[in-house]
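The structure under discussion appears below in the form of structure tokens.
Per chain, numbering begins at 1; letters A, B, ... match sequence-line order.
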There are 2 protein chains.
Amino acid sequence: MDNHLYQLDRAFGALADPTRRAIMARLAQGEASVGELARPFDMALPSLMKHIRVLETGGLVESEKQGRVRTCRLKPSGLKGVENWLTEQRAIWEARLDRLEAYATSLEKKARRKKRDGR
Amino acid sequence: MDNHLYQLDRAFGALADPTRRAIMARLAQGEASVGELARPFDMALPSLMKHIRVLETGGLVESEKQGRVRTCRLKPSGLKGVENWLTEQRAIWEARLDRLEAYATSLEKKARRKKRDGR
DNA sequence: TATATAGTTAGTCAAATGGATAACCATTTG
DNA sequence: CAAATGGTTATCCATTTGACTAACTATATA
């Protein structure tokens, strides 16, 4: 329990690599086999496999094997966690900016009032 | 040129650590000095400083020093890059799902027609 | 059944990461 | 000016990461 913390670690970590983001982009347009995923990259298969496993443990990709070919597909719920964290942060940050702005406006009003009433 | 690729690496990488995400969360509610940021963590100052530097090179945080205290603040443009990548991916992925759905519906219609016309 | 195909395991290696300590500025404060 | 405060540098260390090769397993295919 509370693994979801680590899960965010792994999801963000998984996305911190251009090869893996490229794999994600490829999978966004449809599932693919390991071989298909490997082809565009100048990289040995085992290295690429490791990337796929990283994406899987990050909860971003899932795969299943039938016969000798393993088919990978995107797991949108994984990206959801990442997006949630980001929007949460932005919410906090924007709320604070709003308070700051409100405060600034109130200061301004006060200043104007003071001026009108003869400093 | 094309450093923005590496920049995404660094931004995602920076967020792949709970300490650094906590720092981000703290900064979302307002700027803070290095010492203030350090206090909640059971960690030596230099270690924490390193985290701050990682966030800075990821473009997520900026800081300036006056006197002997360095004040850190969030740099929302950094998160923007990350969010952009995510929404871009989701756009591609959703577009594909839409096409898929449209295709499925057309298949269904065809089947119904066939049935009506006597198999 | 022999061969080719598609992945997988195991093991090596250099570089990067996350943490620590010790010693060192530089600016306040007493 | 002496001491305390806030941060910084320089090293060090264990672990993780990203890539490789070699050897292996399991399924198709000829």
Handout entry: Sequence neighbours excluded, every pair satisfying ring pair (Phe, Tyr, Trp, His ring centres under 6.0 Å) that has a member inside residues 20-54 of chain A
Key =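 Counting only pairs at least two positions apart or across chains, no ring pair (Phe, Tyr, Trp, His ring centres under 6.0 Å) contact touches residues 20-54 of chain A.
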Handout entry: A:R96: side chain to side chain contact (heavy atoms under 4.5 Å, CB included) partners, not counting sequence neighbours
Key =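 Only A:W93, A:R99, A:L100 meet the side chain to side chain contact (heavy atoms under 4.5 Å, CB included) criterion with A:R96.
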Practice task
Mind checking side chain to side chain contact (heavy atoms under 4.5 Å, CB included) for A:S47 and listing every partner two or more places apart, or none if nothing turns up?
Solution key: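 Here the qualifying residues are A:M43, A:A44.
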Practice task
Indicate if A:L8 and B:V82 have the same hydrophobic cluster label, given that clusters are the connected sets of ILVMFWY residues with side-chain heavy-atom separations under 4.5 angstrom.
Solution key: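 Yes, it is one cluster - the side chains of A:L8 and B:V82 are joined through contacts under 4.5 Å.
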Exercise for the section: Group every Ile, Leu, Val, Met, Phe, Trp and Tyr by side-chain heavy-atom contacts under 4.5 Å, then state whether B:I52 and B:V69 land in the same group. Expected result: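 Different hydrophobic clusters.
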Exercise for the section: Name all residues meeting the salt bridge (Lys or Arg N to Asp or Glu O under 4.0 Å) criterion together with B:R90; count only those two or more places apart in sequence or in a different chain, and write none if there are none. Expected result: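 Testing B:R90 for salt bridge (Lys or Arg N to Asp or Glu O under 4.0 Å), a comparison that skips the adjacent residues, returns A:E83.
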Handout entry: For atom CZ of A:F41 and atom C1' of D:dG18, their distance in whole Å
Key =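 Those two atoms, CZ and C1', are 14 Å apart.
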Exercise for the section: Quickly work out the A:R20 CZ to D:dT16 C1' distance and round it to whole Å. Expected result: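 To the nearest whole Å, that distance equals 12 Å.
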Exercise for the section: List for me each residue that meets side chain to side chain donor-acceptor pair (under 3.5 Å) alongside B:R26, sequence neighbours excluded, and say none if there are none. Expected result: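 Partners of B:R26 under the side chain to side chain donor-acceptor pair (under 3.5 Å) test: none.
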Handout entry: Partner set under side chain to side chain donor-acceptor pair (under 3.5 Å) for A:E94, not counting sequence neighbours
Key =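 Once residues adjacent in sequence are excluded, A:E94 has no partner under the side chain to side chain donor-acceptor pair (under 3.5 Å) criterion.
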Problem - Residue pairs, two or more places apart or on separate chains, that pass salt bridge (charged side-chain N to carboxylate O under 4.0 Å, His left out) and touch residues 38-57 of chain A - result: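 Matches after skipping sequence neighbours: none remain.
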Practice task
Using ring pair (Phe, Tyr, Trp, His ring centres under 6.0 Å) as the criterion, list what pairs up with B:W85, not counting sequence neighbours.
Solution key: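 Applying ring pair (Phe, Tyr, Trp, His ring centres under 6.0 Å) to B:W85 gives B:F12.
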Handout entry: Candidate pair B:E62 and B:L74, rule side-chain contact (heavy atoms from CB on, under 4.5 Å), full reasoning
Key = CA-CA 6 Å; B:E62 64 184 357; B:L74 220 64; over 6 Å; no
Practice task
Decide whether B:R10 and B:T57 meet the rule of one side-chain donor and one side-chain acceptor closer than 3.5 Å.
Solution key: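 Looking only at side-chain atoms, B:T57 and B:R10 do not form any donor-acceptor pair under 3.5 Å.
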Practice task
Check step by step if side-chain contact (heavy atoms from CB on, under 4.5 Å) holds for B:S63 and B:T71.
Solution key: CA-CA 5 Å; B:S63 72; B:T71 305; over 6 Å; no
Practice task
Using five pairs at either end of the helix from C:dT1-D:dA30 to C:dG30-D:dC1, determine the angle between the two local helix axes and round it to 10 degrees.
Solution key: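 Angle reported: 20°, given to the nearest ten degrees.
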Practice task
Extract, from 5' to 3' on DNA chain C, the first and final nucleotides lying under 4.0 angstrom from some heavy atom of chain B.
Solution key: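 In short, chain B contacts DNA chain C from C:dG18 to C:dT28.
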Handout entry: Near-strand residues of residues 45-57 of chain A, defined as heavy-atom separation under 4.0 angstrom from DNA chain D
Key =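 Hits under 4.0 Å, by residue number: A:P46, A:S47, A:K50, A:H51.
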Handout entry: Strand-adjacent residues in residues 65-75 of chain B, judged by heavy atoms under 4.0 Å from DNA chain D
Key =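 B:K65, B:R68, B:V69, B:R70, in order of number.
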